[in-house]
Amino acid sequence: MKDRSRPGPAAAVFELHPSRLLGLIQSVRMVRTVLLFSSVASTNDAAMKYHGGEGALFVAEEQTAGRGRKGRSWRSTVGKSLVVSLVLEPGRAREGLTVLVSLGIARALEGIVPGIGIKWPNDLLVGQRKICGILAEARGDRVVIGIGCNVNEDSRDFPPEIAGGATSLRIASGSYRDRGKILAMIVESFGEVYVRWREEGFAPFRDEVERRLVFTGENVTIDTGSELVGGILRGVTGEGFLRLGTGTEERIFVSGDVTVRREGREPDTGARQG
Ligand code: BTN
């Protein structure tokens, strides 16, 4: 039987070659322009400076200063990761947009790795390990959605400080994947939920997000940047905000970083990359 865990001749087609990438992306309705960089500081920074409109997709083989949330850095592996940013002009209240991106990606990857979890609002997990992170940044009417996805990494590609909390599609599924196809699947899937969200808001996606939400019913701490609040994670609202039971009341959070507290263990974000 063929050993699909080893990079073979087929691995060459997994390069982000411009004409091949364009061929894969051109049928994705959401995308109007593709800007492909062999190396860039950060696709989010490049997209923030771009003056074109919605649907510009920035793709890089390498980021020299990739950024995660809360000022953290984002490490990616040349030739193996996907690092992309998509420019949006949502033209309405933006509630739930980051969680919506998480849902679009989880749906896209479901056929490869079933049961991908959403760690509210911006991390995708396989079990306790992070496979994908999202950085949404707004300026004026524009929102840049940055996506970092581990695709063909082996466990030794991750630096020791994140190796215990990171995984890739290759590790989780046992096979190397075509990054161009994965990218097309992600953007197509996001486009579908985005069109509906623009018309109807987040509410139609609430149940599906709650089914995928990790740490529901568990004791968590949310760090909002200005306070740390502990409680039981109850789910999300119809706007995509986080519901936390704190004793007798329920509190709603628009943004924040969630960590879970489990008996006898250190608080665990379940997501150390970034
Ligand atoms: C996080 O988990 O903290 C978010 C990580 C987002 C990383 C992506 S990679 C493409 C885009 N460019 C960046 O500099 N960051 C985002």
Side-chain angles (χ1 to χ4, degrees), residues 16 21 25 31 34-50 56-88 97-106 108-109 116-126 128-139 142-153 157-159 161-169 179-180 182-183 186-187 190 214-215 222-225 242 255-260 268-274:
L16 292 174
L21 191 63
I25 296 289
V31 178
V34 180
L35 297 100
L36 177 61
F37 300 81
S38 51
S39 181
V40 70
S42 152
T43 54
N44 261 39
D45 291 348
M48 290 295 256
K49 290 183 202 136
Y50 179 73
L57 182 69
F58 290 70
V59 185
E61 187 54 89
E62 177 189 50
Q63 288 189 131
T64 55
R67 294 185 290 108
R69 294 211 321 163
K70 298 183 81 183
R72 293 184 284 238
S73 62
W74 178 261
R75 301 274 303 257
S76 53
T77 313
V78 175
K80 297 189 175 182
S81 301
L82 261 184
V83 286
V84 303
S85 298
L86 179 65
V87 176
L88 301 177
L97 182 56
T98 306
V99 197
L100 189 82
V101 179
S102 297
L103 179 63
I105 299 172
L109 303 181
I116 289 189
I118 296 175
K119 177 174 166 279
W120 185 91
N122 71 313
D123 287 339
L124 292 164
L125 306 187
V126 177
Q128 289 283 306
R129 291 170 184 257
K130 181 161 169 173
I131 197 159
C132 202
I134 297 153
L135 177 65
E137 297 181 299
R139 185 174 292 164
R142 304 164 72 239
V143 179
V144 169
I145 302 292
I147 300 168
C149 189
N150 302 328
V151 180
N152 286 327
E153 287 86 345
D157 290 317
F158 299 119
E161 63 275 18
I162 64 166
T167 190
S168 70
L169 288 178
R179 286 178 298 154
I182 299 291
L183 176 57
I186 284 176
V187 184
F190 169 67
V214 298
F215 307 151
I222 181 160
D223 180 355
T224 66
L242 193 78
S255 64
D257 245 37
V258 175
T259 53
V260 69
D268 189 353
T269 66
R272 295 174 192 84
Q273 188 173 23

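Both ligands and their constituent atoms are indexed starting at 1 by order of listing.
Between the side chain of Arg69 and the main chain of Ala136, no donor-acceptor pair closer than 3.5 Å is present. For Asn150 (side chain) and Thr167 (main-chain N/O), a donor-acceptor pair under 3.5 Å exists by modelled atom type. Looking at Arg142, its side chain does come within 3.5 Å of a backbone N or O of Tyr50 through a donor-acceptor pair. The main-chain N or O of Lys80 is never found under 3.5 Å from a side-chain atom of Thr77 such that the two would form a donor-acceptor pair. Looking at Arg129, its side chain does come within 3.5 Å of a backbone N or O of Ala163 through a donor-acceptor pair. A donor-acceptor pair under 3.5 Å links the side-chain atoms of Lys119 to the main chain of Val258, judged by distance alone. In this structure a side-chain-to-backbone donor-acceptor pair under 3.5 Å is present from Ser168 to Glu153. Panel note: side chain Ser85, backbone Asn44; a donor-acceptor pair is recorded below 3.5 Å.
Listed by number with element, the atoms of ligand 1 under 4.0 angstrom from any heavy atom of Ser85 are 11 (C). Numbered from 1 in the order shown, with element, the atoms of ligand 1 that lie under 4.0 Å from a heavy atom of Gly66 read 14 (O). Taking every heavy atom of Gly68 and a limit of under 4.0 angstrom, the matching atoms of ligand 1 come to 1 (C), 3 (O), 4 (C), 5 (C). Near Asp123, with a cut-off below 4.0 Å to any heavy atom, the atoms of ligand 1 are 2 (O). Heavy-atom proximity to Val84, at under 4.0 Å, picks out these atoms of ligand 1: 10 (C), 11 (C). In the vicinity of Ser42, heavy-atom distances shorter than 4.0 Å reach the ligand 1 atoms 12 (N), 13 (C), 14 (O). If you number the atoms of ligand 1 from 1 as listed, the ones under 4.0 Å from a heavy atom of Thr43 come out as 10 (C), 11 (C), 12 (N). Applying the 4.0 Å criterion to heavy atoms of Ile134 picks out, from ligand 1, the atoms 4 (C).
Note that CD of Glu61 and OG of Ser38 are 8.5 Å apart. Values are rounded to the nearest 0.5 Å.
Assignment of Arg72 to the shell around ligand 1 is not supported, since no heavy atom sits closer than 4.0 Å.
Residue nearest to atom 15 (N) of ligand 1, selected from Arg69, Arg75, Arg67: Arg67 (by heavy-atom distance).
The proximity of Lys70 to ligand 1, defined as any non-hydrogen pair under 4.0 Å, does not occur for either the backbone or the side chain. Only the backbone of Ile147 comes within 4.0 Å of ligand 1, judged by heavy-atom distances.
An N or O contact shorter than 3.5 Å links Lys130 to ligand 1 by distance.
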